[in-house]
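Down below is the structure, laid out as structure tokens.
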Amino acid sequence: AFVKRTLDKIQPAFAACAPSARILLASQWHFESFGGSDEMLSYVQAAVVLEILLGDKAASDAMGLGELLRNRCAYLISRSQAEREQVLRDFRGIYDVRSNIVHAGKKRLNNAEWRLFLRLRWFCQRVIQEETKLLSGKRR
């Protein structure tokens, strides 16, 4: 029964349409973020998941990619105002670490940044779940 429920939940991601292709691509990036030994690459791979699913070139040009992703993530995965505010706060820190890796060549994560990395991976999981629900028409 558990396997059937799980398969029913993920089935929309395998439909032959552009949104499902994005979900599959993001899922592959998410999976690969767990496989390597380079923690900086894994962090960036996880950040790419959110960029694939929540990014939009035109909108990000207008307001900035980090701000766009932060708001879309918070509104998609939060179930209360308090949770939304926490996601917004956490996302700012997560994206700052990502920027330090990509733009400044950061080499290691400290303890606080590791906690943000775990939170980033949880965000990725939740965004993939919610995007899949949107495809199935069974949101929340």
Side-chain angles (χ1 to χ4, degrees):
F2 169 77
V3 172
K4 172 134 177 45
R5 282 193 312 273
T6 302
L7 290 173
D8 287 345
K9 286 180 184 178
I10 66 171
Q11 183 276 331
F14 294 95
C17 62
S20 66
R22 285 184 22 252
I23 291 170
L24 290 176
L25 180 61
S27 297
Q28 180 180 350
W29 278 84
H30 184 53
F31 177 77
E32 290 174 0
S33 79
F34 288 91
S37 60
D38 183 340
E39 64 188 28
M40 299 300 101
L41 177 58
S42 293
Y43 197 103
V44 172
Q45 287 172 315
V48 167
V49 170
L50 299 179
E51 293 176 18
I52 290 168
L53 292 174
L54 303 175
D56 176 335
K57 176 76 171 120
S60 68
D61 286 347
M63 71 185 305
L65 182 60
E67 193 64 22
L68 175 71
L69 298 175
R70 178 177 172 258
N71 283 299
R72 286 184 173 179
C73 183
Y75 279 85
L76 182 63
I77 69 173
S78 300
R79 294 205 170 119
S80 69
Q81 184 63 35
E83 189 176 321
R84 183 174 297 147
E85 290 169 8
Q86 186 64 50
V87 169
L88 290 168
R89 279 191 301 274
D90 291 347
F91 201 97
R92 182 163 280 130
I94 287 167
Y95 218 71
D96 286 346
V97 173
R98 176 240 176 243
S99 294
N100 284 331
I101 294 168
V102 172
H103 301 293
K106 183 174 184 59
K107 298 285 186 199
R108 292 206 176 279
L109 299 176
N110 63 33
N111 287 338
E113 292 164 340
W114 261 104
R115 284 190 293 279
L116 288 173
F117 187 21
L118 295 174
R119 186 80 165 145
L120 168 60
R121 283 183 166 160
W122 184 81
F123 286 175
C124 292
Q125 179 183 336
R126 291 288 298 123
V127 168
I128 290 167
Q129 289 170 348
E130 291 302 321
E131 287 291 318
T132 303
K133 285 180 190 176
L134 286 171
L135 273 182
S136 71
K138 298 177 183 174
R139 177 111 198 282
R140 302 211 197 238

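Computed from a prediction, not measured in an experiment: that's the story for all the values here.
- When hydrophobic side chains of Ile, Leu, Val, Met, Phe, Trp and Tyr are connected at separations under 4.5 Å, F14 ends up clustered with F2, V3, L7, I10, L24.
- Under the 4.5 Å side-chain heavy-atom criterion for ILVMFWY residues, no single connected hydrophobic cluster contains both V48 and L118.
- Contact annotation: the side chain of L65 approaches that of E51 to within less than 4.5 Å [non-hydrogen atoms, C-beta and beyond].
- Looking at E39, its side chain does come within 3.5 Å of a backbone N or O of L109 through a donor-acceptor pair.
- The shortest distance between side-chain heavy atoms of R119 and V87 falls below 4.5 Å.
- Contact record, S78 with R84: OG-CA, 3.1 Å, taken as the closest heavy-atom pair.
- Taking CZ from R79 and CZ from R126, the interatomic distance works out to 4.5 Å, rounded to the nearest 0.5 Å.
- In this structure, A46 and F117 approach most closely via the heavy-atom pair CB-CE1, 4.1 Å.
- Under the 4.5 Å side-chain heavy-atom criterion for Ile, Leu, Val, Met, Phe, Trp and Tyr, I77 and L134 are members of the same hydrophobic cluster.
- Nearest heavy-atom pair, E131 versus L76, reported as atom, atom and distance to 0.1 Å: OE2-CD2, 3.5 Å.
- Among residues two or more places apart in sequence or in another chain, the salt bridge (Lys or Arg N to Asp or Glu O under 4.0 Å) test is passed with K107 by none.
- Considering every non-hydrogen atom in both G36 and S42, the closest pair reads O-OG, 4.2 Å.
- Considering R5, Q11, K4 in turn, K4 is the only one that fulfils the side chain to side chain donor-acceptor pair (under 3.5 Å) rule with D8.
- The CD1 atom of I101 lies 11.0 Å from the CG atom of D96; values are rounded to the nearest 0.5 Å.
- The closest donor-acceptor contact from the side chain of K106 to the backbone of R108 lies under 3.5 Å.
- Although no hydrogens or angles enter the test, the distance criterion places no donor-acceptor pair under 3.5 Å between the side chain of R98 and the main chain of V44.
- Interatomic distance, W29 CH2 to I128 CD1, rounded to the nearest 0.5 Å: 13.0 Å.
- Salt bridge status for R92 with E67: present, with a side-chain N to carboxylate O gap under 4.0 Å.
- For the side chain to side chain contact (heavy atoms under 4.5 Å, CB included) criterion with L120, the lone passing option out of L50, V97, D90 is L50.
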Side-chain polar contacts of residues 15-22 - donor-acceptor pairs under 3.5 angstrom, sequence neighbours left out - could you list them?
unit_1 : atom_1 : unit_2 : atom_2 : d
S20    : OG     : A15    : O      : 2.3
S20    : OG     : C17    : N      : 3.3
S20    : OG     : C17    : O      : 2.8
R22    : NE     : I52    : O      : 3.4
R22    : NH2    : L53    : O      : 3.0

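- Remark: F31 CZ to S33 OG distance equals 9.5 Å, nearest 0.5 Å.
- Atom-to-atom distance recorded for E130:CD and I23:CD1 is 11.0 Å, nearest 0.5 angstrom.
- Of the possible donor and acceptor atoms, one in the side chain of E113 sits under 3.5 Å from a partner among the backbone N and O of N110.
- Tracing side-chain contacts under 4.5 Å through hydrophobic residues (I, L, V, M, F, W, Y), one reaches I94 starting from V102; they form part of the same cluster.
- With a 6.0 Å cutoff to the six-membered ring centre and a 45° limit on the axis angle, R72 does not count as a cation-pi contact of F91.
- The minimum heavy-atom distance between V127 and C73, with the atom names listed, is CG2-SG, 4.0 Å.
- The structure places CG of N111 at 11.5 Å from CG of L116, a figure rounded to the nearest 0.5 Å.
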